[in-house]
Amino acid sequence: RDSTGIITSKLLAEKDNPRADVVYGVAATSLVLLANQGYFEPYAPKGLDKLDKRYYDAKNTPPLWVGQRVYAAAICVNTVESKKKNLPTPASWADLTKPAYKGQVIMPNPNSSGTGFLDVSSWLQMWGEKDGWAYMDKLHANIARYTHSGSAPCKMAAAGEVPLGVSFAYRGFKSKQEGAPLEIVFPSEGLGWELEAFAIVKNTKKRDLARKVADWSVTRQAMDLYAPGYEAVAMPGVPNPTKELQDIPAKFAK
């Protein structure tokens, strides 16, 4: 259990002698990287046909990895601390580069955090290489620190350690439900998002058990457990009991 980049680095370091049997709930971008290096064995879990085809490996049959759920970026704003410092509530990613926010923003380190990576990836996809990196240079001037994990910026904003934390939506709503004075902002330009997925490590000595885990991971029971904390799950028609996540406009998922 760790941040995406750390897990990925550990798996790559163990490539010649894998220690894991299953990689579970890790960013699909990392699993694609590992799959391309022959890390996983193909397997079609029972019930795969009930999943949206966009949510699993379409290049291989059976698939080398299967997606579970999607999470999206957001900005957690501590309303009390922002008021103390006379900071306006940002409405866009561009707003975070304004001089008023200098030293008032924290975000995850994209080298270790999947959330940080999805932010960088989305900015480059939205604006292109030149404008995307130019934006990050401006944003860097306002960043107080970069955190190891994707949830940390929102937790720190919730605790009042910093006014603004770039994180992911569910962490923000969870802290807000726990009583933190937070406003969750979905930047107007669009949101970075990531698909979490699982895969079975090639030549595992626990193949039967690994396949049982894989089969369970695509059941309706599993999807119902995923749903409260994610914007979408791989099985169509599974309701999300977290109202705030239901209300994220689809147009933001660019």
Side-chain angles (χ1 to χ4, degrees), residues 2-73 110-111 113-126 128-129 132 150 168 190-220 222-223 226-227 230-238 250 253-254:
D2 212 323
S3 291
T4 303
I6 304 303
I7 291 175
T8 306
S9 296
K10 180 175 174 62
L11 293 172
L12 287 170
E14 297 173 355
K15 182 182 175 184
D16 295 331
N17 184 28
R19 305 291 299 275
D21 301 293
V22 172
V23 181
Y24 190 94
V26 174
T29 47
S30 287
L31 297 197
V32 169
L33 170 69
L34 292 160
N36 288 341
Q37 298 197 30
Y39 210 92
F40 304 124
E41 68 174 45
Y43 181 64
K46 296 174 183 176
L48 183 69
D49 59 320
K50 294 183 175 64
L51 304 188
D52 187 321
K53 292 182 179 179
R54 297 175 297 173
Y55 283 71
Y56 57 85
D57 175 23
K59 293 183 178 180
N60 298 282
T61 305
L64 290 172
W65 56 267
V66 176
Q68 298 157 301
R69 58 265 175 139
V70 170
Y71 66 97
N111 288 310
S113 163
T115 306
F117 177 77
L118 73 85
D119 289 322
V120 170
S121 179
S122 66
W123 295 331
L124 293 175
Q125 289 177 64
M126 284 191 290
E129 289 280 331
F168 55 90
L191 306 178
W193 59 273
E194 179 65 275
L195 172 65
E196 292 187 346
F198 69 85
I200 297 175
V201 177
K202 184 185 287 185
N203 298 323
T204 172
K205 295 177 182 178
K206 300 176 182 177
R207 181 173 289 108
D208 289 345
L209 182 56
R211 289 181 173 181
K212 286 181 180 179
V213 171
D215 290 344
W216 180 83
S217 295
V218 301
T219 61
R220 175 59 188 263
M223 296 293 160
Y226 304 149
Y230 294 84
E231 282 73 4
V233 296
M235 184 181 289
V238 176
K254 296 184 177 180

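What you are looking at is a predicted structure, and each value in this text was computed from that prediction instead of being measured.
Residue pairs that meet the salt bridge (Lys or Arg N to Asp or Glu O under 4.0 Å) test with at least one member in residues 21-45, sequence neighbours left out, are Glu41-Arg207, Glu41-Arg211. Residue pairs meeting the salt bridge (Lys or Arg N to Asp or Glu O under 4.0 Å) criterion with at least one partner in residues 59-70, sequence neighbours excluded, are Arg69-Glu196.
Two residues are said to be in side-chain contact when any heavy atoms from C-beta on lie closer than 4.5 Å; Val218 and Met235 fail this criterion. Looking at heavy atoms from C-beta onward, Tyr39 lies out of side-chain contact with Lys202 at the 4.5 angstrom threshold. By the 4.5 Å heavy-atom criterion applied to side chains, Met223 and Tyr230 are not counted as neighbours. In this structure the side chain of Val23 never reaches within 4.5 angstrom of the side chain of Trp65, judged on heavy atoms. Using a 4.5 Å heavy-atom threshold, the side chains of Lys10 and Ile6 count as separate. In this structure, Ser217 and Tyr226 have side chains that are in contact, with non-hydrogen atoms separated by less than 4.5 Å. For the pair Thr29/Thr8, no side-chain contact is recorded, criterion being any heavy-atom separation below 4.5 Å from C-beta on. Annotation: side chain of Thr4 is in contact with side chain of Ser30 (closest heavy-atom distance under 4.5 Å).
Minimum heavy-atom separation, Ala73 to Leu191: O-CD2, 3.6 Å. Here the closest heavy-atom approach between residue Ala234 and residue Pro236 is recorded as O-CD, 3.4 Å. Looking at every heavy atom in both residues, Tyr56 comes nearest to Val66 through CB-CA, 3.8 Å. Nearest heavy atoms, Glu194 versus Ala27: OE2-CB, 3.3 Å. Annotation for Gly67 and Ala197: closest pair CA-CB, 3.6 Å, computed over non-hydrogen atoms. For the residue pair Val22 and Ala210, the shortest heavy atom distance occurs at CG2-CB, 3.6 Å.
A parallel orientation is assigned to the rings of Phe198 and Tyr24, their planes being inclined by less than 30° (bins at 30° and 60°).
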Query - side chain to side chain contact (heavy atoms under 4.5 Å, CB included) between Leu33 and Leu12, intermediate numbers included - result: CA-CA 10 Å; Leu33 170 69; Leu12 287 170; 4.3 Å; yes
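A side-chain donor-acceptor contact under 3.5 Å links Ser113 to the backbone of Thr115. Within the 3.5 Å criterion, the main-chain N or O of Asp119 finds a donor-acceptor partner in the side chain of Ser122.
Going from atom CG of Leu34 over to atom CG of Leu64 covers 11.0 Å, rounded to the nearest 0.5 Å. Here the CG atom belonging to Asn17 is positioned 11.0 Å from the CG atom belonging to Asn203, to the nearest 0.5 angstrom.
Residue Phe117 places its CZ atom among 12 or fewer non-hydrogen atoms of other residues, nucleotides or ligands, all under 6.0 Å distant.
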Result block: side-chain N/O donor-acceptor pairs under 3.5 angstrom for residues 43-51, not counting sequence neighbours:
unit_1: Tyr43; atom_1: OH; unit_2: Asp215; atom_2: OD1; d: 2.9
unit_1: Tyr43; atom_1: OH; unit_2: Asp215; atom_2: OD2; d: 3.3

